[in-house]
There are 2 protein chains.
Amino acid sequence: MMTGAAAPRLVDIAQSAGVSVATASRALSGRQGVSTAVAERVKEIAESLGYIGNVHARSLAGGTSSSVGLVVHEVADPYFSEIASGVMRVAGRRGLSVQMCHSGRDPQIELRQLRTLIANRVGVIVVAGSGYLDAEAERSIHRELTRFTQAGGRVVAIGRHQHATDAVLPANTDGAQAVTRHLLALGHRRVAVVTGSLGLTTVADRLTGVHRALAEAGIPREEVPVVVAPFTRDGGKTATLEVLREHPGSTAVLALNDDMAIGALSVLRSRSLRVPDDMSVTGFDDVPVAADLSPSLTTVRLPMQQMGEKALELALRPAAKRPRRVVMPATLVERDSSGPPRRS
Amino acid sequence: MMTGAAAPRLVDIAQSAGVSVATASRALSGRQGVSTAVAERVKEIAESLGYIGNVHARSLAGGTSSSVGLVVHEVADPYFSEIASGVMRVAGRRGLSVQMCHSGRDPQIELRQLRTLIANRVGVIVVAGSGYLDAEAERSIHRELTRFTQAGGRVVAIGRHQHATDAVLPANTDGAQAVTRHLLALGHRRVAVVTGSLGLTTVADRLTGVHRALAEAGIPREEVPVVVAPFTRDGGKTATLEVLREHPGSTAVLALNDDMAIGALSVLRSRSLRVPDDMSVTGFDDVPVAADLSPSLTTVRLPMQQMGEKALELALRPAAKRPRRVVMPATLVERDSSGPPRRS
DNA sequence: TTGAAAGCGCTAACAA
DNA sequence: TTGTTAGCGCTTTCAA
């Protein structure tokens, strides 16, 4: 793709400075073993010639990598863009490049992307986003990741836990339990859960939290419908429409992410149903806009940027004997979209 | 960073297959000059050994690059994450890797990131986000970019036009003119503009559109205050507070991006001012959530994902003699946050 | 159709 | 402190 014309190389710098490439290399990478004077001159010349070292050559010769791979489901999704932002902040500080790719929530694509990252010889891979309950898919991914770590690479997962890698885990179950308790405490009994694919581990974990809270309250889980649709705003709309149609007595929509909750709010508004008077709505994640919605969204806050930062920091530390897991707190944020159920 | 243990190399594959590395290379890259039988066997062996080619070696030997650099101000900003999503979609289709970095709206950092991308020998660079009115800063950036293109690299800018590179340009001026006209047509005369730094070319362009519409209506631009704050939600809050304090007679807040408009809505709500009855609010960009706010936000739609796609597609085509500019339409989207001014 | 060998630009022993 | 040199893993002439 790139023609590669006359960019100055290390030899050129060395020649200009009247030293060997070895000395030039040492001088530019700030290693010791060069007199200050020479180092000084080499750097000046490099600067004036606009020299920029070739990372490929360096990586090939040194066997080192200065880039990190980041796999997200979809960067336009605020959950992932927040995480990505955290990863990039840490990478920026350490002078690392970030190679990002989309998995599109598809294990096949994820596998391909992983292979690309490995081909690019990234030193670490951060995999963000839910895993898949499809055992076969997970196995292939796991195999690739294992090979990578055995070759000296570091892997950290965010929000998935079935691999034997280090992981940053949001307290999905606790968070879901907290928000469910919140609705129950307000007096809701006819809650409808609105969620993305049950094949995502994130969903499974959050659903576990919901069921725990129901169990505490002695409510049989069969009484709480679970409506599945894509894990997006549009999915939230579809699902909410279904709730309204199939479960007309519901007094609260408990969405398993904010996107779906936003879709729910939008449908309710268009139906002229007041939130929370006619229907309470809760989300999960606390994306930045949740606080600015009207009504502001009751949700579960996940420190997404910190999760990204933490993940890369973890990856940059050498591997421990046993996989490290860092659990990030999920905290209920009570806002205006939830309230007591209407009297019926 | 990466220790690099026993990942199979091309020689290993060649050896296993009983052919030379040259043949193995040809077979794996699908070039012709190898008998189908041999090619077949080599591929099988590579597959079974889990061979993943080393991009660094390939790039070094072949002088080619299969990665693209993407510079955004901040990926957690929906404007940029939408663009990034578009870029990544096209990259994914073409089997290219994307190296993304933050400029943080700081020309120094942007320059450094650019150099990192060049060091990584990306074939193309997509620079998203406003340029800087600081001439000195732009010059350094321009110099680096020029050197890159001269060395055969391709550069496409999104939303900035001072470089002699190909560019994807949203119709900022037209869009701003349209939204300003809209407010004027509703009867507003006391409009307050709320914007990010005047040092950003995006802001300059949008302001030009505002001024054009004012001129059309015969309103002296001095009558319309321009309040500057960071180009973020918080900036929108700060600026709106200032509007309320310093320009109490205003009947409309014309924000130059959606983020600031969202901040404005939030402040107005907390002051119990009704939108649009007491105050109209308009945004710019049409980020996904704009339609779901309450009231839904009147704004100017920019096809952000398409801008990202278009930019990379443009970059992947060979350079033309003269820089190409693709203008993307900015369309007014009238929603519920704007209405006639209250009678005073 | 295949193979041998010369690099790509750099780092890292090893010598001097 | 400096230089020489052997690779890193691959692609690509050039011969066979």
Side-chain angles (χ1 to χ4, degrees), chain A residues 1-42 46 49-67 118-123 151-152, chain B residues 1-42 46 49-67 118-123 151-152:
Chain A
M1 180 192 295
M2 186 162 164
T3 323
R9 297 152 307 160
L10 187 57
V11 256
D12 301 322
I13 308 304
Q15 222 153 43
S16 282
V19 297
S20 71
V21 285
T23 301
S25 170
R26 286 189 274 252
L28 291 176
S29 56
R31 257 165 302 155
Q32 54 175 239
V34 211
S35 66
T36 337
V38 175
E40 215 41 26
R41 203 173 71 252
V42 172
L49 264 54
Y51 171 74
I52 301 182
N54 185 327
V55 168
H56 295 306
R58 178 172 307 156
S59 161
L60 194 55
T64 55
S65 163
S66 61
S67 60
I118 295 172
N120 279 277
R121 293 305 189 266
V122 297
Chain B
M1 182 192 298
M2 187 162 164
T3 323
R9 298 152 306 161
L10 187 56
V11 257
D12 301 323
I13 307 304
Q15 222 155 43
S16 282
V19 296
S20 69
V21 285
T23 301
S25 169
R26 287 189 271 252
L28 291 176
S29 55
R31 257 164 303 156
Q32 54 176 239
V34 208
S35 66
T36 336
V38 174
E40 213 47 23
R41 203 171 73 253
V42 171
L49 263 53
Y51 171 72
I52 301 183
N54 185 327
V55 168
H56 294 307
R58 179 171 307 157
S59 161
L60 195 54
T64 55
S65 164
S66 61
S67 60
I118 295 172
N120 279 277
R121 292 307 189 265
V122 297

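- Looking only at distances, no side-chain donor or acceptor of A:Asn120 sits under 3.5 Å from a matching main-chain atom of A:Val122.
- The main-chain N or O of B:Thr64 is found under 3.5 Å from a side-chain atom of B:Ser59 such that the two form a donor-acceptor pair.
- Here the P atom of nucleotide C:dG3 and the CD atom of B:Gln15 are 12 Å apart, to the nearest Å.
- A:Arg41 contributes a side-chain N or O that, together with a main-chain N or O of A:Ala17, makes up a donor-acceptor pair within less than 3.5 Å.
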**Steps toward side chain to side chain contact (heavy atoms under 4.5 Å, CB included) verdict (B:Tyr51, B:Leu10)** = CA-CA 8 Å; B:Tyr51 171 72; B:Leu10 187 56; 3.9 Å; yes

**Fill in**
Given protein heavy atoms under 4.0 Å, the one-letter contact record of nucleotides 8-16 of chain C, with B base, S sugar-phosphate only and - none, is simply BBBBBB---

**Request:** Begin from the C-alpha positions of B:Arg31 and B:Ser25 and carry the test side chain to side chain donor-acceptor pair (under 3.5 Å) through to its verdict.
**Result:** CA-CA 9 Å; B:Arg31 257 164 303 156; B:Ser25 169; 3.3 Å; yes

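- In this structure, A:Thr23 reaches the D:dG3 phosphate: one of its side-chain N or O atoms is under 4.0 Å from OP1 or OP2.
- A:Arg41 has its CZ atom 13 Å from the C1' atom of D:dT1, to the nearest Å.
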